[in-house]
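Note sheet for the following structure.
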Amino acid sequence: MPFYLGRKAIRKVPGAVIKAAPLPEPELMEGFGKRSEVGAICEKNGYRSALLITDQTLFGLGLHEKVAASLAEHDVGCTLFHDIDGEPTVRMVDAGRRAAMACGADCIVALGGGSVMDSGKIIAAGAKHPNAPVTHYLHKFAFANSGTLPMINIPSTAGTGAECTVGAVVQNKQGTKSSTVIFGLEVAAVILDSELLIGAPRSVTTWCAMDALSHGLEGLLADVDSSEEDVFKSRECVRLVMENLPLLLEDPKNIEARQATLLAAHYGGNAVNTQLAGYAHAFGHSIGALYHIPHGKAVAWCLVPVVEAQENIRYDQLAALARHCRVADESDTREAAADKFILALKALLDRCGLEKGCPPLVEQDYDRLTAMIDADSINYSPSRTFTDSEIRMLLDQIRRGY
């Protein structure tokens with residue numbers, strides 16, 4: 001109970017803190033094969049030497065070659081660093097920083113998923129401030145007082161939205177994950193290139209898209225003052241996934257749908273920056289970590305129970321979202337419209353093939369998971385604070401299925 005009362009008392013603090021973080025305002029470029037424009041962006045901005053960061057998988061597939069060729073075409077020096085894997089460590093990031101300093105990089109080009117983007121952010125900060133140890137950027141809040149090296153980010157997945165978020169997660173020297181918010185992060189441009197998504201496995205497509213949807217949805221439910229633009233982007237994030245993910249499940253080569261989910265993920269990143277996530281992520285992070293479940297799938301299992309638990313104090317937001325997504329009519333009451341949205345969400349999860357219950361979740365782990373969820377929830381400003389007994393009830397719903 002003391003934790004609950006303390007958490008309830010500071011519920012709005014994370015939303016207030018995130019408002020204080022200066023956010024990047026990158027140029028946005030969209031289209032199939034558009035990563036070939038990276039050289040022109042560098043030339044326009046006066047960058048002469050780039051550290052191109054990618055992961056081992058994309059390097060093995062040769063997907064970095066179009067980027068490197070574009071940089072060469074515009075006489076921009078390019079040094080390739082591809083020693084990033086799915087769980088980046090402080091050692092990898094420090095090696096990337098040394099590579100950036102050795103080649104005199106004046107910009108960072110990050111090509112990959114969330115792990116590459118997060119590594120790139122810390123490399124960009126560390127290379128700009130070589131006298132500070134790289135561990136300085138693993139604190140909860142990291143300040144790059146004179147900014148970072150500018151980044152040009154090219155996401156290879158349509159999920160995290162990490163190309164525009166100011167947060168990063170990297171394993172520290174003890175092997176645990178450190179989450180940081182970088183004040184002063186500079187992102188000059190974001191390129192959403194659907195060519196990178198062609199051939200993505202069905203599971204990656206599905207759970208990345210559901211991760212993006214959860215960012216937009218939870219942002220709308222958060223108790224954070226939001227601008228009209230941010231509300232619109234979060235609603236669009238949800239609509240774009242709900243309309244385009246089924247198309248991709250039917251035809252994975254649908255370029256327009258691929259491009260739409262990339263934009264949805266980008267808007268979801270904006271929601272993380274300006275509205276934060278919420279309890280679905282706190283539950284999803286904890287369940288995913290304990291049972292080694294892909295993040296997007298773990299969050300997908302949690303969405304319906306968590307949203308339903310907040311529905312009665314977020315009818316207006318859910319009703320407006322339902323109408324925006326064209327699953328409810330203007331004539332529907334707010335309660336009916338909210339219910340229709342939840343039904344549409346359940347139908348989408350069914351279409352994705354999500355099991356009705358979470359098979360790995362077992363009752364004897366509830367106490368451990370409750371403590372993990374409590375700890376994670378401190379990062380968000382949800383519409384209400386759940387007691388430990390409510391968290392256990394929700395875990396039971398997640399285990400049994402929506």
Do Ser286 and Arg368 have side-chain N/O donor and acceptor atoms under 3.5 Å apart?
no
Would you say the side chains of Asp376 and Tyr279 form a donor-acceptor pair under 3.5 Å?
no
Sequence neighbours excluded and cut-off under 3.5 Å, please list the side-chain donor-acceptor pairs for residues 263-270, or say none.
unit_1 : atom_1 : unit_2 : atom_2 : d
His266 : ND1    : Glu163 : OE2    : 3.0
Asn270 : ND2    : Asp230 : OD1    : 3.1

State whether the side chain of Asn153 and the backbone N or O of Val187 hold a donor-acceptor pair below 3.5 Å, judged by distance alone.
no
Give a yes or no on whether Glu355 atom CD has more than 12 heavy-atom contacts from other residues, nucleotides or ligands under 6.0 Å away.
yes
Got a sec, which residues hit ring pair (Phe, Tyr, Trp, His ring centres under 6.0 Å) with Phe59, two or more places apart in sequence or on another chain?
His64, His82
With side-chain contact (heavy atoms from CB on, under 4.5 Å) as the test, would you mind laying out the steps for Leu354 and Trp207 before giving the verdict?
CA-CA 10 Å; Leu354 184 69; Trp207 306 127; 3.6 Å; yes
Is there a side-chain contact between Lys44 and Glu27 (heavy atoms, below 4.5 Å)?
yes
Carboxylate-amine/guanidinium contact Lys121 Asp118, below 4.0 Å
yes
Does the pair Asp350/Lys346 count as a salt bridge with the N-to-O cut at 4.0 Å?
no
Counting only heavy atoms not in Asp85 (residues, nucleotides, ligands), do more than 12 fall under 6.0 Å from its CG?
yes
Ring pair (Phe, Tyr, Trp, His ring centres under 6.0 Å) against His295, all qualifying residues, sequence neighbours excluded
His281, His285
When rounded to the nearest 0.5 angstrom, what distance separates CG in Leu58 from CD1 in Ile53?
13.0 Å
Taking all non-hydrogen atoms of both residues into account, name the closest pair between Gly296 and Met210 and its distance.
O-CB, 4.3 Å
Rounded to the nearest 0.5 Å, what separates atom OG in Ser377 from atom CZ in Phe386?
10.0 Å
Nearest non-hydrogen partners of Val109 and Ala50, listed with the distance
CG2-CB, 4.0 Å
Could you walk me through whether Gln259 and Leu192 pass the side-chain contact (heavy atoms from CB on, under 4.5 Å) check?
CA-CA 7 Å; Gln259 201 67 52; Leu192 304 180; 3.7 Å; yes
Could you list the donor-acceptor pairs under 3.5 angstrom formed by side chains in residues 312-322, with sequence neighbours left out?
unit_1 : atom_1 : unit_2 : atom_2 : d
Arg314 : NE     : Leu221 : O      : 3.0
Asp316 : OD1    : Arg334 : NH1    : 3.3

Looking at Arg392 and Asp396, is any side-chain nitrogen of the basic one under 4.0 Å from a carboxylate oxygen of the acidic one?
no
Just by modelled atom types, is the Pro246 backbone N or O under 3.5 Å from a matching donor or acceptor in the Glu250 side chain?
no
Crowding at CZ, Arg91 (>12 non-hydrogen neighbours, <6.0 Å):
no
Are Lys140 and Asn379 linked by a side-chain donor-acceptor pair shorter than 3.5 Å?
yes
Backbone N or O of Ser49 within a donor-acceptor pair of the Asp106 side chain at under 3.5 Å?
yes
side-chain contact (heavy atoms from CB on, under 4.5 Å) for Leu213 and Leu303? Distances and angles first, verdict last.
CA-CA 10 Å; Leu213 181 148; Leu303 272 176; 4.0 Å; yes
Once side-chain hydrogen bond (donor to acceptor under 3.5 Å, both in side chains) is applied, do any residues pair with Glu256, and if so which ones, sequence neighbours excluded?
none
NZ of Lys34 to OG of Ser70: how many Å apart, nearest 0.5 Å?
11.0 Å
Euclidean distance, Met151 CE relative to Leu149 CG, rounded to 0.5 Å:
9.5 Å
Please confirm whether the backbone N or O of His139 pairs with a side-chain atom of Thr180, one donor and one acceptor, at under 3.5 Å?
yes
Would you indicate whether the side-chain heavy atoms of His136 and His129 approach each other to under 4.5 Å?
no
Apply the test side-chain contact (heavy atoms from CB on, under 4.5 Å) to residues Leu345 and Val238: give CA-CA distance (whole Å), side-chain angles for both, the deciding distance (0.1 Å), then the verdict.
CA-CA 10 Å; Leu345 179 59; Val238 177; over 6 Å; no
Please check: side-chain N/O of Ser234 versus main-chain N/O of Val231, any donor-acceptor pairing under 3.5 Å?
no
How far does CE of Met393 sit from OG1 of Thr387, to the nearest 0.5 angstrom?
8.5 Å
Does any non-hydrogen side-chain atom of Leu220 lie less than 4.5 Å from one of Ser226?
no
Looking at Glu43 and Arg48, is there a salt bridge between them, counting it only when a charged N and a carboxylate O are closer than 4.0 Å?
no
Minimum heavy-atom separation for Val166 and Asn273, please, with both atom names.
N-OD1, 3.0 Å
Is the closest basic N to carboxylate O distance between Glu236 and Arg239 below 4.0 Å?
yes
Are side-chain heavy atoms of Ile18 and Thr274 found at a separation under 4.5 Å?
no
N/O donor-acceptor pair under 3.5 Å between Thr148 side chain and Glu186 backbone
yes
Between Ser381 and Val13, is there a side-chain heavy-atom distance shorter than 4.5 Å?
no
Can a donor-acceptor pair be found, under 3.5 Å and without considering hydrogens, that links the side chain of Ser194 to the backbone of Arg258?
no
Using every non-hydrogen atom in the two residues, find where Arg235 and Cys325 come nearest and quote the distance to one decimal.
O-SG, 4.5 Å
For residues Asp332 and Asp329, determine if any side-chain heavy atom of one lies less than 4.5 Å from a side-chain heavy atom of the other.
yes
Strictly below 4.0 Å, N to O, side chains only: are Arg384 and Glu390 in salt-bridge contact?
yes
For a quick test of reading the model, state the closest non-hydrogen atom pair linking Arg399 to Tyr366 and the distance between them.
NE-OH, 2.7 Å
Compute whether any side-chain donor of one residue and acceptor of the other, for Thr89 and Gln171, lie under 3.5 angstrom apart.
no
Backbone of Leu111 reached by a side-chain donor or acceptor of Thr54 within 3.5 Å:
yes
Taking all non-hydrogen atoms of both residues into account, name the closest pair between Ala280 and Val306 and its distance.
N-CG1, 3.7 Å
For the pair Asp94 (side chain) and Val134 (backbone), establish whether a donor and an acceptor sit closer than 3.5 Å, ignoring hydrogens and angles.
no
Do Met29 and Ile41 come close enough that some side-chain heavy atom pair is under 4.5 Å?
yes
Would a distance-only check, ignoring hydrogens and angles, find a side-chain to backbone donor-acceptor pair under 3.5 Å from Asp193 to Gly33?
yes
Do Gln275 and His215 have a side chain donor and acceptor closer than 3.5 Å?
no
Taking only residues two or more places apart in sequence or in another chain, which ones pass ring pair (Phe, Tyr, Trp, His ring centres under 6.0 Å) with Phe32?
none
Indicate yes or no: at least one non-hydrogen side-chain atom of Pro359 is less than 4.5 angstrom from one of Trp301.
yes
Under 4.0 Å between a Lys/Arg side-chain N and an Asp/Glu carboxylate O for Glu243 and Arg326?
yes
So, taking the atom named CG in Leu245 and the one named OG1 in Thr206, what distance separates them when rounded to the nearest 0.5 Å?
5.5 Å
